[in-house]
Amino acid sequence: MTSTSSETPSLRSADLGTLAVMAFSGEAPDGDMPYLLAYSLGDGEGGPEGSAAAIRQLLIDNGLPVGDKLIDGSRQPSLPLTLLVEAGQAVVSMPYLNARCVAPPEWLEAVGERGYAYFLFATRAWPVAQPGRPVAPEDLTAFAGDEETLLSASHVLLPARRLRG
């Protein structure tokens, strides 16, 4: 008699590669929109394809669909993804991932007005955007606005929380 295991292999952080989060804002019909872009450099053990597969599995395991569906995090209190805005930084947390980035003043203002950020977690690797180095606006637009990036990412309107003093 043979049996098949339905267990999913455990996530190995080495498969994800270097993960980064970037905060930026952009014009929208109703004012500035604060965006958070999470991505991998594609430098995991399996290269860009392996990183993409590992991120896709991480997202699916956390109930975040990949594709063009937009999740409203304010309507899903059990969503295992949070955004904390404090001391000029955006901190994103989910199982297996805690990331922070310095947020520009215009992003902080936009998230303060809206109360949420548009979070895009790309499965597609972006080796051009090295953490701590400036990214040219045209490079950001080319990556974040690319159809392949958008259709292979998770999209979440993520409520912003602040520490209470």
Side-chain angles (χ1 to χ4, degrees), residues 7-26 33-104 107-108 110-111 114-135 139-140 143-146 148-163:
E7 286 183 13
T8 354
S10 61
L11 180 70
R12 295 176 346 116
S13 59
D15 294 335
L16 297 170
T18 305
L19 296 176
V21 175
M22 175 186 302
F24 62 98
S25 60
M33 175 65 76
Y35 293 96
L36 281 172
L37 172 62
Y39 60 93
S40 172
L41 298 181
D43 56 354
E45 288 182 2
E49 294 80 17
S51 292
I55 291 169
R56 176 181 291 276
Q57 192 61 54
L58 172 68
L59 295 171
I60 291 168
D61 288 351
N62 284 287
L64 299 172
V66 174
D68 60 358
K69 182 177 181 184
L70 177 63
I71 300 296
D72 184 348
S74 69
R75 296 179 187 260
Q76 295 190 12
S78 63
L79 189 70
L81 177 64
T82 61
L83 168 60
L84 175 67
V85 178
E86 195 58 40
Q89 295 188 358
V91 181
V92 177
S93 297
M94 65 187 290
Y96 303 105
L97 172 69
N98 289 307
R100 76 177 52 232
C101 68
V102 174
W107 186 91
L108 293 167
V111 82
R114 290 185 181 265
Y116 63 86
Y118 190 117
F119 180 70
L120 178 76
F121 200 140
T123 61
R124 183 176 171 211
W126 193 25
V128 171
Q130 297 287 323
R133 294 190 183 156
V135 174
D139 290 339
L140 175 60
F143 179 78
D146 183 82
E148 181 183 346
T149 300
L150 293 171
L151 292 176
S152 64
S154 280
H155 304 260
V156 181
L157 293 179
L158 192 54
R161 299 178 183 159
R162 297 185 183 273
L163 293 177

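Separation of atoms CG (Leu16) and CG (Leu41) is listed at 11.5 Å; rounding is to 0.5 Å. The CG atom of Leu157 sits 11.0 Å away from atom CG of Leu79, with the distance rounded to the nearest 0.5 Å. Expressed to the nearest 0.5 Å, how far CE of Met94 lies from CG of Leu64 amounts to 5.0 Å. Going from atom CZ of Phe24 over to atom CG of Leu37 covers 5.5 Å, rounded to the nearest 0.5 Å.
Proximity of a side-chain donor or acceptor of Ser25 to a complementary backbone N or O of Met33 within less than 3.5 Å is not detected. Side-chain atoms of Ser154 do not come within 3.5 Å of backbone N or O of Phe121 as any donor-acceptor pair.
Taking every heavy atom of both residues into account, Pro104 and Ala23 meet most closely at CD-O, 3.6 Å. The two atoms that bring Val135 and Leu140 nearest to each other are CG1-N, 4.0 Å, heavy atoms only. Nearest heavy atoms, Pro65 versus Lys69: CG-CD, 4.2 Å. Val111 approaches Arg162 most closely through the heavy-atom pair CG1-NH2, 4.2 Å. Across all non-hydrogen atoms, the minimal contact from Gln130 to Pro127 is NE2-O, 2.9 Å. Closest approach of Leu83 to Ala117, counting heavy atoms only: CD2-CB, 3.8 Å.
In the displayed structure, Asp139 atom CG is contacted under 6.0 Å by more than 12 heavy atoms of other residues, nucleotides or ligands.
At a threshold of 4.5 Å between non-hydrogen side-chain atoms, the residues His155 and Leu150 count as touching. You'll find the side chain of Thr82 reaches within 4.5 Å of the side chain of Arg161, heavy atoms only. Within the 4.5 Å cutoff, side-chain heavy atoms of Pro95 are placed close to those of Asn62.
Just one residue in the list Leu19, Leu81, Leu84, Asn98 forms a side chain to side chain contact (heavy atoms under 4.5 Å, CB included) with Val92, and that residue is Leu81. Tested against Tyr118 for a side chain to side chain contact (heavy atoms under 4.5 Å, CB included), the candidates Leu70, Val156, Leu158 yield a single pass: Leu70.
Ring planes of Trp126 and Tyr39: perpendicular class, angle over 60° (limits at 30 and 60°).
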Stepwise side-chain hydrogen bond (donor to acceptor under 3.5 Å, both in side chains) check, Thr149 with Arg124: CA-CA 6 Å; Thr149 300; Arg124 183 176 171 211; 2.6 Å; yes

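Thr123 and Arg56 are not linked by any side-chain donor-acceptor pair at a separation below 3.5 angstrom, with hydrogens and angles left out of the test.
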